[in-house]
Structures are given as C-alpha cells and as structure tokens.
4 protein chains.
Amino acid sequence: MTLAERYQTVRQHTADICSPLQTEDYVVQPVEFVSPPKWHLGHTTWFFETFILKPYFAEYREFNPEYNYVFNSYYESVGARVIRTDRGNLSRPTVIDIYSYRKYVDEAMYNFLCGKISKEIEELLILGFNHEEQHQELLLTDIKYILGHNPLFPAYNSNYKVPKVDGNAVTDFISMNEGIYEIGFTGESFCFDNELNRHKVYLNAYSISAQLVTNAEYLEFINAGGYHDFRHWHAEGWDWVNTNKVEAPMYWYNIDGKWHQYTFHGLEPLHLQQPVTHISYFEAYAYATWKGLRLPTEFEWEAASAKFNWGSRWEWTESSYLPYPGFAKAPGAIGEYNGKFMVNQKVLRGASEVTPPGHSRATYRNFFQTNLRWQFTGIRLAK
Amino acid sequence: MTLAERYQTVRQHTADICSPLQTEDYVVQPVEFVSPPKWHLGHTTWFFETFILKPYFAEYREFNPEYNYVFNSYYESVGARVIRTDRGNLSRPTVIDIYSYRKYVDEAMYNFLCGKISKEIEELLILGFNHEEQHQELLLTDIKYILGHNPLFPAYNSNYKVPKVDGNAVTDFISMNEGIYEIGFTGESFCFDNELNRHKVYLNAYSISAQLVTNAEYLEFINAGGYHDFRHWHAEGWDWVNTNKVEAPMYWYNIDGKWHQYTFHGLEPLHLQQPVTHISYFEAYAYATWKGLRLPTEFEWEAASAKFNWGSRWEWTESSYLPYPGFAKAPGAIGEYNGKFMVNQKVLRGASEVTPPGHSRATYRNFFQTNLRWQFTGIRLAK
Amino acid sequence: MTLAERYQTVRQHTADICSPLQTEDYVVQPVEFVSPPKWHLGHTTWFFETFILKPYFAEYREFNPEYNYVFNSYYESVGARVIRTDRGNLSRPTVIDIYSYRKYVDEAMYNFLCGKISKEIEELLILGFNHEEQHQELLLTDIKYILGHNPLFPAYNSNYKVPKVDGNAVTDFISMNEGIYEIGFTGESFCFDNELNRHKVYLNAYSISAQLVTNAEYLEFINAGGYHDFRHWHAEGWDWVNTNKVEAPMYWYNIDGKWHQYTFHGLEPLHLQQPVTHISYFEAYAYATWKGLRLPTEFEWEAASAKFNWGSRWEWTESSYLPYPGFAKAPGAIGEYNGKFMVNQKVLRGASEVTPPGHSRATYRNFFQTNLRWQFTGIRLAK
Amino acid sequence: MTLAERYQTVRQHTADICSPLQTEDYVVQPVEFVSPPKWHLGHTTWFFETFILKPYFAEYREFNPEYNYVFNSYYESVGARVIRTDRGNLSRPTVIDIYSYRKYVDEAMYNFLCGKISKEIEELLILGFNHEEQHQELLLTDIKYILGHNPLFPAYNSNYKVPKVDGNAVTDFISMNEGIYEIGFTGESFCFDNELNRHKVYLNAYSISAQLVTNAEYLEFINAGGYHDFRHWHAEGWDWVNTNKVEAPMYWYNIDGKWHQYTFHGLEPLHLQQPVTHISYFEAYAYATWKGLRLPTEFEWEAASAKFNWGSRWEWTESSYLPYPGFAKAPGAIGEYNGKFMVNQKVLRGASEVTPPGHSRATYRNFFQTNLRWQFTGIRLAK
C-alpha cells in the first residue's frame with residue numbers, strides 16, 4: 001500500500017465510524033473526558049494540517065486560522081486552545097464545516113503525497129496514521145458514552161459486530177519461569193516512543209491466566225458484597241467508590257432486579273459469558289484482591305503475551321506508566337505526545353474490540369488514570 | 001383572534017425565532033443557566049401536552065412517555081427530570097424528533113380547540129401562551145449566549161432589527177410626589193399571579209430618569225476605574241467582580257484597545273448611544289452608587305411608568321422579589337410557577353428588545369439572581 | 001454612667017463571656033461563618049485602636065502593626081487582612097498575647113477618656129460600644145457552635161441561665177388595622193444607620209401572633225414530613241434541604257428515637273415548651289407555609305411590636321434587607337458598617353437570649369443569609 | 001535496652017518535640033494534610049491502647065470510649081472516626097486532657113511490660129515504636145507548617161540544630177554497572193511490610209549524584225524561568241503550577257527582591273549552600289528535566305546507597321509506590337498500615353533532618369502524592 005493509499009484508508013475509516021450518527025450526536029460532551037465526535041474529526045485533520053502541510057507543503061493555504069484554536073488538543077507549543085471542558089459548548093464549526101475541512105485537507109494531502117516524501121516526513125505521516133487510529137478507538141468509546149448515557153438509550157448501529165468471546169472454560173493459568181526477559185519494541189516497523197528502549201527486566205516466577213474475567217465471574221464479586229467491603233480496595237479506590245456510589249461496571253443497569261448492559265445495539269440483558277468491561281483500575285484491583293490473586297505487571301504481561309489470546313479488552317496492569325531506560329522525547333511539539341503523561345497513570349496492555357485492526361502489538365502501552373472506565377477495559381489475573 | 005388562531009400564532013413565532021439556526025446550535029448548553037434551543041422547543045410543547053392534552057383531551061395519546069423526563073423543567077409535582085446541567089448532554093431526541101413532537105401536539109391541540117373550551121381551560125391556555133412567550137424571550141437570550149461565546153462569533157441573523165434607541169439627550173428626571181399609590185394588576189385580561197393583589201404603597205417624593213443609561217455613560221464608569229473601587233459595590237458584588245475578574249458588561253470585548261460588542265449581527269464596534277445592556281444587578285447598583293444616585297424600587301418604577309418610554313431593556317430595580325399582600329399560589333403543579341422563586345432575587349421591570357410584542361405591561365414583574373447578566377438588562381436611575 | 005465607666009463595663013462583659021472557656025476553645029473555627037473567640041477579643045480591641053486611638057490620641061503608640069492584618073474583619077479601607085477562612089488556622093497571637101493587647105488598649109483608652117471628648121468622638125465611642133455588644137452576642141453564638149459540634153458535647157457553663165419561656169397557651173393573634181405607619185428610629189439616643197430614615201409605610205390589615213412557635217409545634221411539622229415535601233419550600237430552600245440532608249433544627253439530635261438538643265448546659269432532652277431556635281429562614285418559611293400562614297414583614301413586626309413580648313429569639317421576617325428611604329452611609333471606613341451588606345439577606349427583628357441587655361430596640365434591624373441558623377433565631381407567624 | 005526502656009524513650013521524645021509549643025499551637029489544622037500536634041499526641045497513644053492494651057492486657061480499663069472516635073486515623077476496621085478535615089475543629093479534648101491520657105496509658109503500658117511479653121506482642125510493640133517515630137517526624141513537619149504559615153512567623157525553637165550541610169563542591173556522579181541487584185530488607189531486625197520481599201531487579205548501567213541539589217542550584221532553575229516553561233513539566237505538574245501559582249519551594253518568600261526562607265529559627269535569608277527542600281515531586285522532576293538529567297528509580301537509589309551520604313532530606317525517586325513481589329498484608333487492622341496506599345504515590349528514599357535517629361535504613365520506603373511538599377524533601381539526580 002502506498003502512503004497515499006494508506007492515508008486514504010485511515011481517513012475513510014474515521015468517517016465510516018461516524019456514518020451511523022445523527023448531527024446532534026457529533027456535538028455533545030457529557031463529561032470532561034469525552035470529546036464530541038465532531039471535535040475528533042476536526043482534531044485529526046488539524047494534526048495533518050499542522051504537522052505536515054503547514055511546515056512541509058509550500059503551496060498549502062491554511063483552511064481557517066481560527067481552527068488552530070478550536071482543534072488543538074493539548075500541544076502547548078502550538079498556541080492557545082479551547083479549554084477541554086468547553087469542547088461541547090461549541091456549535092460552530094458545524095459538522096458540515098468540519099467535513100469540508102477534512103475534504104480540503106485530504107485533497108491537499110493527496111497532492112502533497114504525489115510528490116517526493118522524505119524519510120523524516122514519512123515518519124511523521126505514520127505517526128499521523130497511528131494518531132488517527134487512536135482517535136478512531138476514542139471515537140467509538142466516546143460515542144458509546146454519549147448514547148449510553150442518554151435516557152433514551154439509542155442503539156449506535158444494529159449491524160455492529162461484537163467480537164467472539166473467550167470460551168467459558170475454567171480459568172487456566174500459564175506458568176512462567178524466573179529470569180531475565182527483554183521488554184520493549186524491536187524491529188523496523190512503527191512503534192511509539194514509549195515502547196523504547198528495549199531493555200532487560202528480572203522477573204520472579206509467576207502465573208498468568210489464559211482467559212479474561214467474565215461478566216459472570218464479576219457478578220459473583222458484586223453479589224458477595226465486593227463494593228461494600230473496604231478490605232479489597234486501595235484507600236483512594238474506597239473513597240472513589242463511596243463518593244461516586246459505584247455499585248457495578250459502567251453501563252450496567254439493574255432494572256427490576258435483573259442486570260442489563262448498554263451495548264452498541266442498545267440496552268440488553270447482561271451477556272454473562274463475555275469478558276467484563278468498563279471497569280476502573282480500582283475495580284480491577286479490588287476484584288483481584290477479593291479472589292486472592294493480583295494483576296500482572298506490564299512486564300509479566302508482555303513476557304507471556306505469546307501464550308494467550310488478547311485483543312478484545314484493554315487489560316489493566318499493576319504497573320505505573322513510567323519511561324523505559326533511555327526513553328527520550330522527540331524534539332518539538334511531537335515530543336508532547338507521550339512523555340508528559342508519565343505520572344499517576346496505570347499501563348494497560350493488549351487492545352480492545354474498538355481498536356482498529358493492526359493498530360496494537362505486544363509491546364504497545366496504553367495508559368489511563370485509575371478512576372476512568374469508559375474505555376473497553378478488562379481484567380487478566382496473575383499470581 | 002380565536003384561541004386556535006392565537007395558539008397557532010404563538011407557536012409559529014417560536015419556530016420563526018429558531019429558523020436561522022444550524023442544527024448544532026440547537027444542542028449545546030455552554031453554561032448552566034442557558035438551555036439548548038431544542039430543549040425550549042420540547043419543553044414548551046410538553047407544557048401544553050402535560051397541562052392541557054393529558055388531563056383534558058380524552059382521545060389524546062401521549063407522544064412518548066420518556067419525554068416527560070426529558071422536558072420537565074422544574075415541576076416537582078410532575079415527576080423526575082433530567083438535571084438542569086445535563087440538558088446539553090443529550091443528543092437525542094434530535095431536532096427533527098422534536099419538531100415532529102411539536103407537530104403532533106399542535107395537531108392534537110388544533111383538534112382539541114375545535115371543541116368547547118371551559119373558562120378554566122381557557123385560563124390554562126392563556127397561561128400556556130404567556131409561558132411560551134417567556135420562552136421566546138429566553139430562546140433569543142440563550143441563542144445570543146451560545147453564538148456570542150463561540151470563538152468564531154457567528155451572526156445570528158443579519159436581518160435582525162435593533163430597536164430604535166433612546167435619544168442621546170441629557171438625562172431628564174421626572175419628579176413624583178409623596179403619597180399613596182396603587183400597585184399591581186387590575187383589569188380583565190391576563191396577568192401572572194405575582195402581579196396580584198393590587199394594593200396600596202406609600203412612597204416618599206422621588207425623581208426617576210426618563211432615559212436609560214447608555215453605553216457611553218457606562219464607559220465613563222469603566223474608565224473611572226469603577227470595577228476596581230470597592231466603595232461602589234455591595235460586599236457580595238465585590239466578591240463577584242474579583243472572583244470572576246469582571247471588567248465590563250457581558251459581550252464587551254476590548255480588541256487592541258478598542259471596545260467591541262457582540263450583537264445578533266456578529267462582533268461590532270461598541271454602539272455608544274445605545275442603552276447599556278447585559279449588566280448584573282451588582283453592576284447596576286455600583287454604577288448608580290458611583291453616580292451618587294440609586295436604582296428605583298419596583299413601586300417607584302410602576303407609579304411613574306406612564307411618564308417614560310420603556311421596553312428595550314429589562315430594568316433592574318432595588319426591590320427584592322417578594323409576594324404582594326394576599327398573594328396565593330394556584331393549586332397543583334401550576335402553583336410552582338412563580339411563588340417558589342420568591343427569595344434572593346431582584347425584580348426587573350419593563351420589557352426588552354427580545355420580549356414578544358404585547359407580552360409585558362407596566363405591572364409585569366420579571367426577576368433574576370443578582371449576578372446574572374445574560375438577559376437584556378438595563379439601568380434607569382432614581383434619586 | 002460616664003463614658004469611661006461605660007467603656008469599662010462593656011469591655012468587662014466580653015471577658016466575662018469568655019471566662020468559662022479553655023484555651024483551646026478560643027482557637028478553633030469549625031466553619032467559615034464562625035470566628036474563633038480569640039479573634040473576637042482581638043477584633044473588638046482593634047476597633048477602638050483603629051478608629052479612636054490611632055486617629056485621635058496623639059500619644060498613643062500602636063501595640064503591634066501586624067495586628068491590623070490579623071484583626072481587621074472586612075474593612076477594605078483599612079488595608080489587607082487575613083482571609084476569613086484562615087482565622088482558625090492562626091495559633092499566634094496566643095490568648096495571653098491578646099489579653100495583653102486588650103489590657104494595653106484599655107489603659108490607653110482610660111487615659112484618653114480622662115481628657116475632653118468631642119461630640120464626634122463620643123459618637124464613634126458609642127458605635128464602638130454597640131459594635132462590641134454585637135460581638136458579645138456573636139461570641140456566645142460561636143461558642144455554642146464550637147462546643148455543640150464537638151463529639152464530646154462539653155457544657156459551656158452549668159450556671160448559664162436560660163431565659164423564661166413564653167407561656168404554653170394557645171397561640172393568640174393580634175389584629176392590626178390597615179393604614180399608614182411610621183417606621184424607623186426616632187429619638188436622641190444611639191441607633192444604627194440602617195434604622196434611618198424614619199418614614200411612612202402603608203400596611204394592609206393583618207394579624208400577628210403574640211407567641212413564638214415552640215419546639216413542640218415545630219416537632220409536629222417534622223413528624224408530618226415537612227422536610228420531605230417540596231410544596232412548603234422555596235426552590236432554593238428545597239435544594240438546601242436536600243444538599244445538606246437537613247432533617248431538624250441545628251443542635252437537635254435524635255438518639256435512639258428520642259429528640260435531644262445541645263444547650264449551654266450540654267446535651268439534654270428536647271425542651272418542648274421552649275421557643276424553637278436555630279432554624280434558617282428557609283425553615284421558618286416552610287413551617288409557616290405548612291401552617292397555612294406566613295412570616296410578618298419587618299414593618300408589620302415593628303408596627304405591632306408594643307403589643308407582644310420579644311427578646312428571646314431573633315425573629316425571621318419576610319423582608320429583604322434593604323435601605324430605608326434617605327439612607328446614607330457614613331463617610332470613611334465606618335461607612336462599611338451596614339450598607340454594603342444590603343443584598344440577598346433577610347431582616348430579623350427583636351433580640352435573642354444572648355443579646356446584651358439594652359442592646360436592641362423595636363427599630364433594630366438584624367440580618368442574615370437565608371441558609372444560616374447558628375444564631376438564636378425564631379418564628380413568629382402572621383396572616 | 002529493655003522494651004520498657006525503649007517504650008519510655010520513644011514516648012518521651014514525642015513530648016520533647018512538643019515542649020517549645022504554646023497551647024494554641026497544638027490545636028490548629030491550617031490545611032487538610034497537616035494534623036494538629038495534639039491529635040498526634042492522642043493518636044500515638046490510642047495506637048498502643050487499641051492494639052496492645054485492649055486486646056492483651058486483661059486488667060486495662062479504657063480511658064475514654066469516645067477517644068476511639070477522636071483519635072483513629074484511617075483504620076476502617078476499628079470503627080467510625082472524625083473526618084480528617086475536622087481534626088482542627090475540635091477544641092476538646094484539651095491539651096491537658098491528652099497529656100493525662102498519655103500518662104494513663106503510659107502507666108498501664110509500664111505495668112503491662114513488667115509482665116511476660118510474647119514474641120507476637122513484641123512485634124506489635126516494635127511496630128508501635130516505629131509508628132510513633134513516624135509521627136515524631138510528622139509532628140515537626142506539621143509544626144513547621146503551622147508556624148511557617150502564620151503571618152507573625154514565630155520561631156519554633158531557637159536552639160533547634162540544623163544538620164551539617166553537604167559540601168559545596170561540584171556535583172560528583174557515581175557510576176554503577178549494569179546487572180542484577182538484590183532489593184529489599186534482609187536481616188533480623190525490624191522492617192515495614194512494604195520493604196519485603198527481598199528480590200532481584202535488573203538495572204542498566206547508570207550514574208547517580210553523590211550530593212543533593214542545593215538552594216543555589218535550584219535558584220538557577222527559578223531564575224532561568226523554570227516555573228514558566230511547560231517543557232520541563234508533566235502535564236499534571238504544569239496544571240498544578242498554574243492552578244496554585246507556584247513560583248518557588250514552600251517556605252520561600254521573596255521580600256523586596258531578596259529570597260528568604262522560613263526555618264525553625266524563624267524567617268531568614270536563603271541559605272544558598274543547603275540542600276533544597278520542600279519541593280514536590282513535580283518540581284523535582286522539572287528541575288531534573290531542565291538539567292537534562294533525571295531522578296533515580298528507587299532500585300537505583302538502594303543499589304548505590306552505600307556510596308553516598310544520605311539522611312538530611314527525603315529524596316524523590318522516579319518509582320511509583322508499588323508492592324514488591326510476594327508482598328502480603330498483615331491480618332487484621334495492622335494490615336491497613338501500608339498496602340492500601342500503594343497507588344498514585346511516589347517513593348521517597350533516605351531520611352530527613354527531622355527523622356528520629358535510627359528510624360530509617362537503606363531499604364526504607366517513604367511515599368507521598370506528587371503534589372505534596374510540606375515534608376523535608378530533596379533532589380538527587382541520575383543519568
């Protein structure tokens with residue numbers, strides 16, 4: 001696939017994700033960490049405009065100088081921006097305006113990609129593709145939040161395909177030997193800066209489960225009073241549970257004594273055999289503690305990752321998000337991509353049902369704050 | 001005009017106000033006290049459905065039972081409701097859904113109004129017309145907020161007619177004699193419960209200005225450092241100024257040293273001869289104090305109201321919003337209309353450029369908290 | 001009594017109020033609106049130092065220049081000050097330091113008062129006496145809060161005399177005729193600026209109760225579910241009840257199904273025949289509404305005040321705290337005494353069991369925000 | 001030293017720390033994370049009463065059952081407790097009451113320790129000694145906060161000895177080889193559960209500085225605009241700097257252009273050659289980034305700790321506070337000691353000038369949230 005073809009494919013996939021939406025669904029921001037879909041559409045476009053077209057394509061004329069203010073996410077180097085909580089307060093630019101912006105930038109990119117592309121720019125482009133893929137995942141995550149918190153519980157798309165679930169067998173544990181393991185990305189293809197450097201870690205002997213925890217298993221934790229017993233929780237998690245009156249994973253609703261869950265198909269009875277999802281790190285930790293087990297570290301996960309299936313849920317690890325030995329930020333605005341978030345977050349490994357195909361890999365490191373759960377998170381146990 | 005004609009006229013006017021909007025403009029709620037235009041469209045429809053059709057029109061079938069939850073504003077008697085701050089988080093029902101709802105209810109109302117209407121129902125209907133007129137004013141007020149706080153400053157409607165301003169003469173004061181005056185509504189036509197009972201008040205001799213304070217006059221206050229001198233302000237107003245770093249009326253922007261204001265036509269140089277607007281009670285009071293004057297009471301205003309022009313600005317008074325002697329709430333949910341707000345608000349008198357024609361009268365009492373200023377408020381002085 | 005004698009009497013009474021306290025009781029500020037007793041001791045001293053000694057007594061040398069920063073309450077004209085919420089964070093100056101400060105200032109005042117005192121200074125002095133009397137009342141109010149919110153519920157003083165209660169008779173209503181009444185202070189003796197000017201008001205015919213509402217009567221409101229029925233409450237009051245989970249007056253505790261109240265003697269079974277106290281305006285209003293009655297205005301109260309006993313409770317009125325016709329602030333810092341609080345507060349009339357003898361009068365106007373209830377407030381009904 | 005002698009020594013040291021205080025200094029809690037000294041005195045006593053005397057000394061009679069409510073810190077297993085922010089709102093029990101409580105418990109402990117002590121109880125006792133030593137450090141830390149935030153800046157104790165500073169030489173870096181290192185406590189004496197199990201880690205080659213960063217060096221960072229350049233900061237740290245308008249370490253005051261610092265001797269000119277202290281993790285990280293270096297991990301620190309002097313500052317590491325392999329909580333309430341805090345905190349290594357002698361060791365792990373800086377923290381660099 002040429003770079004131009006890949007560009008076109010990635011960009012089209014973003015539009016495809018949005019095609020079932022009503023105009024109104026593009027606009028709202030029901031909570032700070034959710035961005036309006038139209039913002040994602042604009043921001044991913046702004047990324048190519050700002051980091052490729054404006055610096056490297058001499059004949060490019062900016063679409064609208066005010067869009068820099070509207071669609072900058074967090075790049076301090078690129079100037080002032082709409083504060084995050086205000087994204088859902090902006091009715092303009094409209095959805096049509098933003099699709100025009102996409103079209104304008106896509107045409108310019110097409111022209112640009114017909115020319116000769118240096119190695120340096122190719123790397124930026126591939127970063128842009130991966131960036132847009134990350135936003136594709138966020139788009140579906142945010143769309144689920146927007147529709148799943150609407151009192152009418154509208155379906156997103158009745159044709160949405162739920163991935164096949166893990167088998168409903170007894171949990172198997174995979175044994176791993178004590179010793180030195182190599183961790184981090186190696187190879188020629190793309191990786192994020194936070195996957196480097198590849199380095200050695202020493203691991204004690206451990207076991208890791210071959211399957212994810214299911215809804216049925218998690219329900220046992222709920223029924224055993226797990227949300228009401230401080231002993232399973234971190235002190236900060238226990239505060240979180242009580243302040244927010246958390247009683248179940250996000251999107252679970254107990255209607256007349258029967259558990260339901262909101263899915264992309266609308267409100268449905270709980271699917272017991274599916275892997276549990278939309279739980280915070282605090283809940284994942286409490287569940288593991290209640291079972292007398294623990295979460296794996298990200299190193300344990302990576303070292304064993306060839307021995308189990310993964311990819312339907314982002315899996316919480318016990319590891320904090322920290323730089324690997326020799327980690328170095330890229331120069332300029334791109335250097336703000338990962339490093340500045342390396343504090344007070346936990347690493348997730350794997351990929352989820354809404355991750356674009358081919359986007360993740362065994363060394364990929366996702367990361368979120370310990371209280372967040374609108375992502376398609378999951379639990380794999382270790383001991 | 002028959003009731004059916006009047007119904008049709010009032011309802012059409014609401015739709016006319018919205019006709020210049022983009023779909024996205026109907027959705028957002030940039031601040032708690034602003035409601036999304038689509039919410040106003042739904043709520044005014046819900047009002048007729050809930051208080052007329054459901055109780056009095058046997059053949060009526062509810063459009064959607066969940067809309068009661070979505071479009072109830074504050075009526076505790078009518079069940080649970082979306083919390084106010086969540087109105088802008090709802091992408092559904094869509095704008096099209098809500099126009100369908102309006103059409104459905106309008107047709108039912110048409111059929112209902114073809115039948116015989118009792119005196120009691122006629123009164124409810126007229127309350128519904130006045131209620132919708134109040135929301136027409138709020139619609140324009142909220143639309144201005146939504147567009148005027150967007151970084152692109154889009155115009156609402158370039159054909160919008162600004163009302164003719166007060167002359168730019170020296171301020172004239174009208175002298176009023178000491179004595180007993182009758183205050184409150186009298187007559188056969190409609191009034192709100194808070195305009196009753198008509199009763200006597202004793203007023204000392206006073207003077208009241210024939211003109212509203214202009215932007216030019218208010219600018220003198222700013223230039224004299226009025227926002228930085230505590231002596232002009234209430235203690236609570238002074239906190240408000242400092243906490244919110246208030247430096248000018250809402251919608252005033254100082255661009256490169258030159259004052260501009262956002263209007264329905266977009267961002268424009270400040271119109272010096274227009275009456276100042278979008279100021280809070282705190283600012284109105286501080287301005288009057290700085291001038292060595294004061295705001296009139298609502299009784300002084302009403303007693304003198306035949307002697308000056310009013311209608312382009314809602315005018316802050318010194319009076320707190322309190323019940324008149326003999327005030328009685330209506331029974332049932334309608335009784336929640338006014339009485340429960342009679343604490344910690346100030347009375348405004350008059351009408352504004354966005355008040356529907358014929359909606360206000362000299363005895364009309366509007367009311368807002370002392371810090372709010374997104375209404376088309378104004379200042380008339382007394383001494 | 002000479003001015004010097006009166007000075008000495010007033011100052012001694014403040015110290016007497018504090019004599020039962022432990023050192024630690026002088027220090028804490030459990031909630032923003034309560035000040036530590038040692039702050040009251042310092043502030044009332046600072047008042048004489050700042051407004052009498054420093055401007056008018058040439059030989060006076062300031063005790064400690066930093067005390068101006070520590071003991072200024074809210075006078076913007078007199079410079080920066082400790083923010084209100086920080087008063088309880090200051091362990092220094094110690095209680096002993098502050099009593100030294102009092103002694104130092106009292107000696108200077110004694111010397112000053114041996115000289116010739118102009119009329120102007122005499123007025124300031126009398127304002128200072130009244131100011132200190134207001135703080136004597138606040139001292140007892142704040143001490144009750146500090147001890148009554150301690151989990152050990154210590155008594156303040158077992159010798160504290162509870163005033164004789166209103167008789168337990170059926171409530172009598174006093175009828176008053178429609179007409180013009182004169183309101184506001186008249187005479188030669190001291191009054192606050194907010195009691196002026198004396199002016200005419202027109203009152204409709206009304207009745208006002210001769211007795212205050214008792215604990216037994218208020219308990220009926222609680223038992224009838226008064227705190228759980230929105231219809232009795234202002235919208236803002238209903239929010240207050242639900243946000244704060246209010247179920248009873250302040251200092252009422254339901255222990256094993258039996259109501260108790262904290263008094264200056266410690267925790268005791270509820271005294272049913274005593275007038276209810278420590279209720280907010282919201283509660284007073286809700287109680288009156290539930291009874292099918294209302295609160296009197298401050299004008300109704302004053303016009304009838306010769307016909308009933310008052311003085312054990314500060315009585316909530318329906319009136320907002322506003323200036324009388326012709327109200328004028330004093331020049332300079334003293335002008336900050338009353339006027340800047342004339343917004344979003346309700347007037348209370350009468351006096352309470354902790355008001356110093358002779359401090360109040362029928363024209364006296366006290367005022368508080370509608371949600372506060374740590375004062376010895378009460379309810380008198382009207383219709 | 002017998003257990004009884006050690007008990008007496010530890011307890012006396014706590015009282016010695018408090019001896020320079022005024023009664024008022026024992027009472028206040030100027031910010032949530034600071035506890036009043038009298039609370040520390042009561043809580044350490046409660047610890048022995050609750051975990052030793054009540055379960056193991058049959059003849060012991062509880063001093064006051066309500067003290068459990070007042071002095072429990074965070075042990076959910078031991079019942080309800082005063083919420084943390086209320087500790088400074090309690091004037092009772094008084095300081096004298098609490099010293100009586102200490103005396104009562106100390107006498108009971110003396111009698112108890114005259115009897116035969118099982119191994120299990122000896123372990124609890126030693127935990128109690130270490131617990132009290134931790135509070136001795138907190139006491140000095142909190143006392144500094146209380147006095148150092150008072151506008152009068154009183155000295156704590158003019159006889160307080162400042163530890164000798166690191167030499168003012170050029171910073172030396174110690175080189176460490178790549179390889180496997182053993183981390184964690186080993187031996188017979190006391191350690192906390194979080195220092196276990198001893199386990200292997202693999203470290204890349206690194207260098208670590210032999211000296212701590214000085215005030216003079218940190219001042220260069222300030223003068224270079226370090227607090228105003230987002231590139232040095234984590235995103236969360238940058239928010240913290242801007243929200244709190246942080247410009248310098250805690251206790252630094254710029255007076256007329258000259259830097260001062262509050263010390264136990266009062267306000268003094270900045271000691272340039274002393275190691276910088278009272279900086280948050282965010283600041284330590286930003287400083288290191290500005291220097292082109294980084295903070296060591298806790299493993300790097302421990303592996304090299306024999307090669308440099310430590311003990312005057314708690315040193316921030318890059319490591320998050322996480323359990324070691326094989327970490328197990330103790331059963332019962334003691335199990336709440338460490339494990340439940342292992343999320344969203346950073347590890348500090350070493351000891352500080354206010355750590356009791358003999359309390360720390362090379363494997364000791366302290367931990368705090370990334371924004372806190374009232375501890376005597378410091379910076380050691382790595383590369």
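A quick note: this is a predicted structure, and the numbers were derived from the prediction, not measured. Chain identifiers are assigned alphabetically (A, B, ...) following the order of the sequence lines, protein sequences preceding nucleic acid strands; residue numbering begins at 1 within each chain.
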With only heavy atoms counted, which part of Y74(D) is less than 4.5 Å from chain A, the side chain, the backbone, both or neither? neither
Residue selection (most heavy-atom pairs with chain D, distance under 4.5 Å) from F341(A), F282(A), Y202(A), W238(A): Y202(A)
Does any heavy atom of chain A fall under 4.5 Å from the side chain of K383(D), the backbone, both, or neither of them? neither
Is there a side-chain contact between Y285(D) and V343(A) (heavy atoms, below 4.5 Å)? no
Contact origin within R231(D) toward chain A - heavy atom pairs under 4.5 Å: backbone
Residue, of Q369(A), H199(A), M342(A), that accumulates the most heavy atom pairs under 4.5 Å with chain D: M342(A)
Given a strict heavy-atom distance threshold of 4.5 Å, which part of N344(D) is in contact with chain A: side chain, backbone, both, or neither? both
Which of the residues T289(D), T370(D), V201(D), L203(D) is involved in the greatest number of heavy-atom pairs with chain A at under 4.5 angstrom? T370(D)
So which atom in P323(A) and which in E318(D) form the shortest heavy-atom distance, rounded to 0.1 Å? CD-OE2, 3.8 Å
Side chain / backbone / both / neither for Y206(D) at chain A, heavy atoms under 4.5 Å: neither
Quick one, S320(A) and Y321(D) - any side-chain contact, counting heavy atoms below 4.5 Å? no
List the atom of K340(A), the atom of W233(D), and the distance in Å for their closest heavy-atom pair. CB-O, 4.1 Å
Engaged part of T297(D) at the chain A interface, taking heavy atoms whose separation is under 4.5 Å: neither
